Amino acid sequence: MGAGGPMRGWQRALMLLLVQVVFPGQVTASEALRIVTLAPNLTELVYAAGAGEQLVGTVAYSDFPAAAAKLPRIGDAFRFDYEALRLLRPDLILAWGSGNPRSAIDRLRAQGYRVEEFEARSLDDIAAQVERIGALAGSAAEAERVATEFRRAIRELRAAYQGRAALRVFYQVSAQPYFTVSGQHVIDELIGLCGGRNVFAHLTAVAPAVSLESIILADPQVIVAPVVTPDDQQWQQDWQRWQNVSAVRNRALQNVSADFLSRSTTRMLQGGRQLCAALDEARQNYGQ
C-alpha cells in the first residue's frame, strides 16, 4: 500500500489486530462488525441506531432509507440463500423472532453464526430495540439519542389525544381475505393512544384473519386501512355495499400510510400522528 493510499480489508484487519495487541481494550469488536438483517424493519432500525455503514446485506423489500436499496440481498424474510450469506461474512445476524422461520434461525446458529432475535409488541419495544442494536454495533450514543427522542414524541402524542371520545376501530390490513391486528400488535397501542378501541383486540393471533360477517357484527365506527398511495379509494368503494356498518354510513373510512405503519420502526411515530388525525376527522362526522 502506497503512502496515503486506500487501506484494503486484510490490511485494516491486520492493523486492528496489531492495535489490540499493543493497546489492549482500545479497539472493540464492534468496530469491524458486519451486520446482516433478515427483515426490512430490522434494516430500518439498524440505520436508526446509527449503524447503517456496518450493514453488508439484507433481504427483499428493505427499501428505507434509500441507502438500504443498494445492499446485497440474500433472499426474503422467509427463504434465505445460505451461500450468498456465507460470502458476506457477517459477524452478526439480526433476526425477526416471529417472522423468520424458526428452522432457519436454528440452522444459522448451528452453522456458527451469531444470531440476535428481535420482536416489537409495543412502542417502547421499538425504542428498546434501537438501543439494543446500538449496543451491539458500537453506536450506543446515537441509538440512545434516537430512542429518547422517540419516547418523548410518543408521550407528547399520547398526552395530546388523552380524553378524546372513544371510537370503535377496525384496522384493515388487507381484504379478501380480511386481515387485521389484535391487542398483541403495536398498532393496537397506537389505536388506543389516539382514543380508539380496536374491535378485534381480543383475538389471540397477532395479525389474525377475520370474516366479513365478524366485521359487520362488530360494527366499527371507523375503518382504517394502510395504503401505498395517499389517494387510493378503491378499498373504500368496496365497502359501500355495507351501509349498515356505522363507519360506512357515516363516511368514516380513513387512509393512513403503509410506509409508516406496516413495519415496527421509529417511523411508527409518523404513522401514529396520521392515525390520530384520521380518528379526529372521523369524530367530526359523528359530531364529537
Side-chain angles (χ1 to χ4, degrees), residues 29-30 33-65 67-68 71-80 82 85 88 90-151 154 181-190 205-207 259-272:
S30 63
L33 200 62
R34 297 172 62 83
I35 302 173
V36 168
T37 53
L38 302 184
N41 60 306
L42 296 176
T43 302
E44 285 194 36
L45 290 175
V46 170
Y47 280 99
E53 291 187 358
Q54 292 164 238
L55 269 173
V56 296
T58 185
V59 291
Y61 306 110
S62 292
D63 55 6
F64 186 88
L71 292 170
R73 268 43 178 173
I74 61 155
D76 57 35
F78 311 105
R79 294 174 299 275
F80 309 133
Y82 292 92
L85 177 63
L88 293 176
D91 301 303
L92 175 64
I93 297 175
L94 306 186
W96 177 20
S98 66
N100 299 140
R102 174 54 48 186
S103 59
I105 293 175
D106 292 343
R107 177 177 175 180
L108 290 171
R109 287 186 171 135
Q111 291 178 350
Y113 291 110
R114 180 186 180 189
V115 182
E116 296 286 340
E117 295 183 46
F118 290 78
E119 188 70 40
R121 294 292 173 83
S122 71
L123 294 168
D124 193 65
D125 283 349
I126 294 173
Q129 287 182 349
V130 171
E131 291 171 327
R132 183 179 167 202
I133 291 171
L136 289 167
S139 58
E142 174 63 11
E144 184 176 349
R145 184 193 66 77
V146 170
T148 297
E149 174 58 23
F150 180 78
R151 290 187 177 106
I154 290 295
V181 297
S182 74
Q184 298 183 57
H185 199 288
V186 64
I187 289 174
D188 177 82
E189 183 178 353
L190 280 177
V206 176
D259 282 344
F260 296 156
L261 287 170
S262 295
R263 299 173 186 168
S264 297
T265 72
T266 53
R267 288 199 292 169
M268 277 207 154
L269 172 61
Q270 296 163 269

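Reckoned from all heavy atoms, side chains included, excluding hydrogens, waters and symmetry mates. Model, not experiment: these values are computed from the prediction.
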Within-4.5 Å side-chain heavy-atom neighbours: I126 and F150
yes
Does N100 reach the main-chain N or O of A77 with its side chain, forming a donor-acceptor pair under 3.5 Å?
yes
Counting only heavy atoms from other residues, nucleotides and ligands, does the tally under 6.0 Å from CD of E53 exceed 12?
no
With the side chain counted from C-beta on, respond yes when R79 and P101 share a heavy-atom pair under 4.5 Å apart, and no when they do not.
no
Are the side chain of D125 and the backbone N or O of S122 linked by a donor-acceptor pair below 3.5 Å?
yes
So does Q270 have more than 12 non-hydrogen atoms from other groups sitting under 6.0 Å from CD?
yes
Charged N to carboxylate O under 4.0 angstrom, R121 versus E119?
yes
Is there a side-chain contact (heavy atoms from CB on, under 4.5 Å) between S62 and E44? Walk through the geometry before answering.
CA-CA 8 Å; S62 292; E44 285 194 36; over 6 Å; no
Counting N and O atoms only, with roles assigned by atom type, does the side chain of S139 sit under 3.5 Å from a partner on the main chain of A49, one being a donor and the other an acceptor?
yes
To the nearest 0.5 Å, atom CG of L94 lies from atom CG of L136 at 7.0 Å
Backbone N/O of A205 and side chain of S182: donor-acceptor pair under 3.5 Å:
yes
Of the options T58, L55, I93, which is the one that meets I35 in a side-chain contact (heavy atoms from CB on, under 4.5 Å)?
L55
Are P72 and L88 packed together at the side-chain level, in the sense that at least one heavy-atom pair is separated by less than 4.5 angstrom?
yes
Report the C-alpha distance between E131 and R145 in whole Å, list the side-chain angles of each, state the deciding distance to 0.1 Å, and finish with yes or no for salt bridge (charged side-chain N to carboxylate O under 4.0 Å, His left out).
CA-CA 9 Å; E131 291 171 327; R145 184 193 66 77; over 6 Å; no
Between D124 and R151, the two heavy atoms sitting closest are OD1-NE, 2.6 Å
Stepwise side-chain contact (heavy atoms from CB on, under 4.5 Å) check, W96 with E117:
CA-CA 6 Å; W96 177 20; E117 295 183 46; over 6 Å; no
Could you check if a side-chain atom of Y61 sits within less than 4.5 angstrom of a side-chain atom of R263, using non-hydrogen atoms only?
yes
Rounded to the nearest 0.5 Å, how far does CD of Q129 lie from CG of L42?
7.0 Å
Take V181 and V206, measure what side-chain contact (heavy atoms from CB on, under 4.5 Å) needs, and give me the verdict at the end.
CA-CA 6 Å; V181 297; V206 176; over 6 Å; no
Using side-chain heavy atoms (C-beta onward) and a distance below 4.5 Å, is Y113 in contact with D91?
no
Distance col, row N41:CG vs S264:OG, nearest 0.5 angstrom, shows 6.5 Å
Quick one: do R132 and E116 make a salt bridge, cutoff under 4.0 Å?
yes
Apply side-chain contact (heavy atoms from CB on, under 4.5 Å) to V59 and V36, showing your working.
CA-CA 9 Å; V59 291; V36 168; over 6 Å; no
For L38 and A95 the tightest heavy-atom approach is CD1-CB, 4.1 Å
Spacing of CZ belonging to F260 relative to OG1 belonging to T265, to within rounding of 0.5 Å
9.5 Å
Nearest heavy atoms of A127 and A147, plus distance in Å:
O-CB, 3.5 Å
Spacing of L269 atom CG and E149 atom CD [to the nearest 0.5 Å]
8.0 Å
Measuring from L45:CG to R267:CZ, what's the distance to the nearest 0.5 Å?
10.5 Å
